[in-house]
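We're numbering straight along the sequence, starting at 1.
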Amino acid sequence: MDTGRTRKRNRGIRVQDGAFVHEGQVLVKQTGLRFYPGENVDISQNYTISAKCDGKVIVSCERLNPKPDSPLFAPVQKGVVIHKKFFNIYPVPLHGKFRLVDQLTSCCDLDLVGIDVCNLRQL
């Protein structure tokens with residue numbers, strides 16, 4: 001039975017500062033631009049902010065630099081300083097090599113020195 005109340009929309013911050021997230025994970029659900037997207041972050045038409053890549057969430061308070069079609073552009077041009085919270089993702093650095101690649105490069109080094117790599121036994 002309908003009581004005339006509207007359903008709660010479950011808006012707000014989903015992931016806190018310093019947390020690890022995966023690509024596509026929702027960081028913030030909001031109406032309007034209360035929080036802004038930063039580096040490696042995507043924003044949808046309903047202002048949901050999500051991660052573009054795996055990494056660590058960093059929330060920063062930065063000076064707003066609005067586009068000319070924004071209603072905040074005129075006050076900023078007059079000298080008003082506006083600070084907003086930006087959600088950024090610091091990507092996880094990938095390892096440059098795997099163990100097998102390290103072993104192959106060391107074998108190639110032995111081959112350059114003049115040691116026959118084919119006759120070496122596995123230790």
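- More than 12 heavy atoms of other residues, nucleotides or ligands shown are found within 6.0 angstrom of CD on Gln25.
- A search for ring-ring contact (aromatic ring centres under 6.0 Å, His included) contacts involving Tyr47 returns nothing, not counting sequence neighbours.
- Rounding to the nearest 0.5 Å gives a distance of 11.0 Å between CG of Leu27 and CZ of Arg14.
- Hydrophobic cluster membership differs between Val76 and Val81, with clusters built from Ile, Leu, Val, Met, Phe, Trp and Tyr side chains linked at under 4.5 angstrom.
- Ile82 has its side chain within reach of Leu72: a pair of non-hydrogen atoms, C-beta onward, lies under 4.5 Å apart.
- Interatomic distance, Leu33 CG to Ser70 OG, rounded to the nearest 0.5 Å: 8.5 Å.
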Verdict with reasoning, Val57 to Phe87, per side chain to side chain contact (heavy atoms under 4.5 Å, CB included): CA-CA 7 Å; Val57 177; Phe87 277 77; 4.1 Å; yes
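- Around atom CG of Asn46, more than 12 heavy atoms belonging to other residues, nucleotides or ligands sit under 6.0 Å away.
- Counting non-hydrogen atoms of other residues, nucleotides and ligands closer than 6.0 Å to CZ of Arg11 gives a total above 12.
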Pair Ile58, Ile89 - check side chain to side chain contact (heavy atoms under 4.5 Å, CB included), show working. CA-CA 6 Å; Ile58 298 176; Ile89 300 293; over 6 Å; no
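- Taking 4.5 Å as the limit, every side-chain heavy atom of Asp17 sits out of range of all side-chain heavy atoms of Lys85.
- Atom CG of Asn88 and atom NZ of Lys56 lie 12.5 Å apart (nearest 0.5 Å).
- With sequence neighbours left out, the ring-ring contact (aromatic ring centres under 6.0 Å, His included) criterion links Phe73 to no other residue.
- Rounded to the nearest 0.5 Å, atoms OH (Tyr90) and CG (Asp54) are 14.5 Å apart.
- When the side chains of ILVMFWY residues are joined at heavy-atom separations under 4.5 Å, either directly or via intervening members, Ile13 and Val41 end up in a single hydrophobic cluster.
- In terms of the ring-ring contact (aromatic ring centres under 6.0 Å, His included) criterion, His83 has no residue partners (sequence neighbours excluded).
- Atoms NZ and CZ, on Lys84 and Arg63 in that order, are 14.5 Å from each other to the nearest 0.5 Å.
- Once rounded to the nearest 0.5 Å, the distance linking OG of Ser50 with CD of Glu23 reads 9.5 Å.
- Taking the side chain as every heavy atom from C-beta outward, Pro37 and Asp42 never approach each other to under 4.5 Å.
- The two residues Ile49 and Phe35 come nearest to each other via the heavy atoms CD1-O, 3.5 Å.
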Phe20 and Val92: CA distance, side-chain angles, deciding distance, side chain to side chain contact (heavy atoms under 4.5 Å, CB included) verdict: CA-CA 9 Å; Phe20 181 82; Val92 176; 3.2 Å; yes
